[in-house]
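To start, the structure under review is shown below, and the notes come after it.
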Amino acid sequence: LIRFLVNQKGRLKILDIGTGKTCGMYGESGRFLFECGDVNIDGINFYGIDELQMPGGAIFKNSAYFKCNVLDFHPQQTFNLITGHHVIEHCVQWEDVVLHIARLLDNDGYLYLSFPRFGGFYDTVYRIMSPFDHCANFELDRLKMVSEEAGLEMCLSDIYVDPNGRFDWMCNIFPELVDRKMSLCFYDLCVRIDAKLLLGYHLYGHYAVFRKRI
């Protein structure tokens with residue numbers, strides 16, 4: 001999406017909701033995404049918002065962080081691209097969040113959302129470990145319907161099986177309880193259980209891309 005929009009528009013305004021400590025586009029861990037040099041990241045203005053966690057060093061030179069709830073974020077500008085990677089499942093008012101961020105998009109702007117397979121092993125155990133975190137539960141069809149009500153059309157959706165960094169996030173959220181070895185063990189267990197229940201197939205989560213209708 002970033003490559004496509006930069007090539008199309010030249011300059012880009014990106015908003016990432018729930019940017020957190022390890023956001024792939026804000027934190028240094030995501031720099032590999034642009035190492036091939038085919039994207040002029042100097043033309044990207046990046047904004048990250050997160051109510052709980054302050055992100056680390058930014059990939060983009062033109063970056064800003066705002067400590068706030070997404071529903072309290074009312075900028076004076078709109079954005080070409082808004083991303084929320086594994087954020088919406090943490091939102092009690094997820095429908096309101098979708099409607100709000102749709103208003104922050106430029107006409108013909110894009111929204112990228114990803115979320116876990118609800119009821120899967122990963123999601124279930126996460127709810128046990130941190131019961132107030134995964135508080136939303138919906139189907140892709142429901143997300144599509146709410147998005148259409150907000151003036152968005154789904155133009156791409158798919159599943160993914162292997163998240164970047166596997167389950168390294170566990171070490172960041174629970175540093176006193178989980179180390180790297182334990183997080184890898186948990187990931188392998190997740191894959192084995194999923195593969196058994198889904199006849200050899202591991203389904204970690206979903207992603208969807210929406211475009212705001214002009």
Side-chain angles (χ1 to χ4, degrees), residues 1-20 23-26 30 33-34 39 44-50 69-71 73-75 77-124 126-127 133-164 169 194 198 201-214:
L1 273 175
I2 291 176
R3 285 179 170 82
F4 167 73
L5 290 172
V6 167
N7 290 333
Q8 184 184 65
K9 299 178 180 296
R11 302 191 65 83
L12 200 61
K13 294 175 294 181
I14 302 176
L15 171 66
D16 184 68
I17 63 172
T19 207
C23 168
M25 289 191 295
Y26 204 111
L33 294 169
F34 304 98
V39 177
I44 296 175
N45 292 307
F46 182 86
Y47 304 83
I49 62 174
D50 196 297
N69 184 289
V70 61
L71 293 176
F73 186 65
H74 301 283
Q77 62 182 318
T78 53
F79 302 89
N80 308 111
L81 171 64
I82 298 179
T83 60
H85 180 60
H86 275 251
V87 173
I88 195 169
E89 68 269 21
H90 299 277
C91 301
V92 176
Q93 301 168 279
W94 72 268
E95 294 170 328
D96 292 338
V97 170
V98 172
L99 294 173
H100 181 65
I101 58 181
R103 290 191 287 267
L104 302 180
L105 272 177
D106 286 344
N107 288 333
D108 206 30
Y110 287 84
L111 167 65
Y112 167 90
L113 294 174
S114 65
F115 50 93
R117 178 170 66 90
F118 294 125
F121 179 74
Y122 153 70
D123 174 58
T124 300
Y126 194 107
R127 291 174 188 263
D133 270 2
H134 280 199
C135 51
N137 197 342
F138 52 85
E139 300 292 336
L140 185 61
D141 288 344
R142 176 62 181 165
L143 176 61
K144 180 181 178 182
M145 186 180 74
V146 172
S147 301
E148 288 176 346
E149 293 173 356
L152 307 174
E153 60 179 350
M154 182 185 292
C155 49
L156 178 66
S157 67
D158 209 338
I159 61 172
Y160 65 101
V161 299
D162 196 0
N164 290 335
W169 56 266
D194 253 7
L198 300 174
Y201 193 63
H202 170 49
L203 196 168
Y204 175 71
H206 305 264
Y207 69 85
V209 177
F210 303 87
R211 181 173 59 194
K212 186 170 183 178
R213 295 189 291 268
I214 299 177

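Source: prediction; values computed, not measured.
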So do the side chains of V87 and V97 get within less than 4.5 Å of each other, counting heavy atoms only? no
Report yes or no: does R142 contribute a side-chain atom to a donor-acceptor pair with the main-chain N or O of N137 at less than 3.5 Å? no
Establish, from distance only, whether the side-chain atoms of T19 and D50 form a donor-acceptor pair under 3.5 Å. no
Quick check for you: to the nearest 0.5 Å, what is the distance between L104 atom CG and H100 atom NE2? 4.5 Å
Would the number of heavy atoms belonging to other residues, nucleotides or ligands and lying under 6.0 Å from CD of E139 be above 12? no
Can you check whether D123 reaches E89 side chain to side chain, under 4.5 Å on heavy atoms? no
Could you check whether any side-chain N or O of H90 sits under 3.5 Å from a backbone N or O of D133, counting only pairs where one atom can act as donor and the other as acceptor? yes
One should read off an interatomic distance between R11 CZ and N45 CG, to the nearest 0.5 angstrom, of 5.5 Å
Would L15 and F73 count as a side chain to side chain contact (heavy atoms under 4.5 Å, CB included) if you check the C-alpha gap in whole Å, the side-chain angles of each, and the deciding distance to 0.1 Å? CA-CA 11 Å; L15 171 66; F73 186 65; 3.8 Å; yes
Between CD of Q93 and CG of L99, what distance do you get to the nearest 0.5 Å? 11.0 Å
Separation between OH (Y47) and CZ (F79), nearest 0.5 Å, reads 6.5 Å
Quick one: does H134's side chain have a donor or acceptor within less than 3.5 Å of a partner on F118's backbone? no
I want to check something: taking the side chain as every heavy atom from C-beta on, are L156 and Y207 in contact at a cut-off of under 4.5 Å? yes
Nearest 0.5 angstrom please: I88 CD1 to W94 CH2, how far? 6.0 Å
Does the side chain of F210 reach to within under 4.5 Å of the side chain of L143, using non-hydrogen atoms? yes
Angle between ring planes, Y204 versus Y160, binned at 30° and 60°: parallel, tilted or perpendicular? perpendicular
Spacing of NZ belonging to K13 relative to CG belonging to D106, to within rounding of 0.5 Å: 4.5 Å
Backbone N or O of A102 within a donor-acceptor pair of the K212 side chain at under 3.5 Å? yes
If you compare all heavy atoms of L140 against all heavy atoms of A208, which two are closest, and at what distance to 0.1 Å? CD1-CB, 4.3 Å
Does any non-hydrogen side-chain atom of H85 lie less than 4.5 Å from one of Y112? yes
Per side chain to side chain contact (heavy atoms under 4.5 Å, CB included), L105 is matched among L81, L152, N80 by L152
So do the side chains of S157 and H206 get within less than 4.5 Å of each other, counting heavy atoms only? no
